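What follows is a set of notes on a single structure, which appears directly below.
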Protein chains: 2
Amino acid sequence: MKKQSLSKEKGRQAARSPCPVSRTLDILGDKWTLLVVRDLFLGKQTYGELLDSPERIPTNILADRLKRLTAHGMVTKQPYQQRPPRYRYQLTEKGQALAAALRAIIDWGLAWLPGTRLPPGQDVEK
Amino acid sequence: MKKQSLSKEKGRQAARSPCPVSRTLDILGDKWTLLVVRDLFLGKQTYGELLDSPERIPTNILADRLKRLTAHGMVTKQPYQQRPPRYRYQLTEKGQALAAALRAIIDWGLAWLPGTRLPPGQDVEK
DNA sequence: TTCGGTTACTTGCAAATAACAAGTCACCAC
DNA sequence: GTGGTGACTTGTTATTTGCAAGTAACCGAA
């Protein structure tokens, strides 16, 4: 069950263009990836905590997104206990650098989408 | 060929949560929508011009995204000539308000994705 | 006046991706 | 040894994408 298309056999798929918008969307242009990043910013660290968000991300999608984010060097996965095996996910510097973009998206949503609100206590800022 | 799922029969699909990140991703959380917005920022106005970007957006996807952006009040479609019918697409204030988010995404891409570059002359800033 | 070209799309269909439910595996507590 | 939790994987169905082609309304030249 490989994620590959019929085109290339190795590596990830080719960038559509060198444009930074396009390249960024190649990585996080979908409905779920940024939500995972958001939750990591909010301090969630385990698979279970990440599953628990109000948007109800499916388990296979979460596993896939964590894998991709890890492959892109935006997230690290470290075991914090051997037995039973338990893992902690955290943003790398590259992942944390998305703060400005996330902040801009939050601001746009709050300003232009009626009915949006930050759940109490949720804030990306430290 | 409705975009609807089996769930609700009218209106657009329900927001996954009131979170501004999630609500924003409900609108532009895919690989193409922000590229269309980018091109509109760059001054492209016609369907043909928008089709012409290096990422090669499929025609049906472009038509769909313009429809959605228009439905969300982020883009206007105006005929600028009757015969033959020709249309001009432009960002509304709501669409233009994405400038900060787009800028943040560009900055992140340029800083963290090696090989990205702005094609000469391309810049979101006025 | 018919032929070709342009703009702005729509349609059909195979392929990829997502969603949902369920199952697996490794423990630990009782 | 039975039940529960955390971290996933697998199977199946539903939805979305990508590509090729088709349509419609003109305009301009031959």
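Quantities reported herein were computed from a predicted structural model and do not represent experimental measurements. Hydrogens, waters and symmetry mates play no part in the numbers below; they use all other heavy atoms, side chains included. Order of the sequence lines sets the chain letters (A, B, ...), proteins ahead of strands, with each chain counted from 1.
- Rounded to whole Å, the distance from CD1 on A:I57 to P on C:dA19 is 8 Å.
- For residues 14-30 of chain B, the set of pairs meeting the salt bridge (charged side-chain N to carboxylate O under 4.0 Å, His left out) definition, not counting sequence neighbours, comprises B:R16-B:D26, B:D30-B:R65.
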Return a single string for nucleotides 20-30 of chain C, one symbol per nucleotide in 5' to 3' order, where B is base contact, S is sugar-phosphate-only contact and - is none, cutoff 4.0 angstrom on heavy atoms. B-B----SS--
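- By the side chain to side chain contact (heavy atoms under 4.5 Å, CB included) test, A:I105 is found to be paired with A:L34, B:T24, B:A101, residues two or more places apart in sequence or in another chain being considered.
- Remark: B:A97 pairs with A:W108, A:W112 by the side chain to side chain contact (heavy atoms under 4.5 Å, CB included) rule, at least two apart or across chains.
- Atom C1' of nucleotide D:dG6 and atom CD of A:E49 are separated by 11 Å, given to the nearest angstrom.
- Distance B:D30 CG to D:dT15 P: 18 Å, rounded to the nearest Å.
- Residues passing the side chain to side chain contact (heavy atoms under 4.5 Å, CB included) test with B:R117, sequence neighbours excluded: A:P18.
- Applying the side chain to side chain contact (heavy atoms under 4.5 Å, CB included) criterion to A:K67, with sequence neighbours excluded, gives no partner residue.
- Here A:K67 does not reach the OP1 or OP2 of D:dA7: none of its side-chain N or O atoms lies under 4.0 Å away.
- Fit an axis to the five pairs at each end of the helix from C:dT1-D:dA30 to C:dC30-D:dG1 and the two axes sit 10° apart, to the nearest 10 degrees.
- By the side-chain hydrogen bond (donor to acceptor under 3.5 Å, both in side chains) test, A:E49 is found to be paired with no residue, residues two or more places apart in sequence or in another chain being considered.
- More than 12 heavy atoms of other residues, nucleotides or ligands sit less than 6.0 Å from atom CD of A:Q78.
- The side chain of A:Y89 lies closest to D:dC8, out of D:dT9, C:dC9, D:dC8.
- The phosphate of D:dT16 (OP1 or OP2) has no side-chain N or O of B:W32 nearer than 4.0 angstrom.
- When rounded to the nearest whole Å, the span between CG of A:L62 and P of C:dA19 equals 12 Å.
- A cation-pi arrangement is present between B:K77 and B:Y87, with the terminal nitrogen or guanidinium carbon under 6.0 Å from the aromatic centre and inside a 45° cone about the axis.
- For the pair A:I61 CD1 and D:dT16 P, the computed distance is 13 Å after rounding to whole Å.
- Within 4.0 Å (heavy atoms only), B:R65 reaches sugar-phosphate atoms of the nucleic acid but no base atom.
- Atom-to-atom, NZ of A:K31 to P of C:dA19 comes out at 9 Å; the value is rounded to the nearest Å.
- Scanning for side-chain hydrogen bond (donor to acceptor under 3.5 Å, both in side chains) contacts around B:D107 gives B:R103, with sequence neighbours left out.
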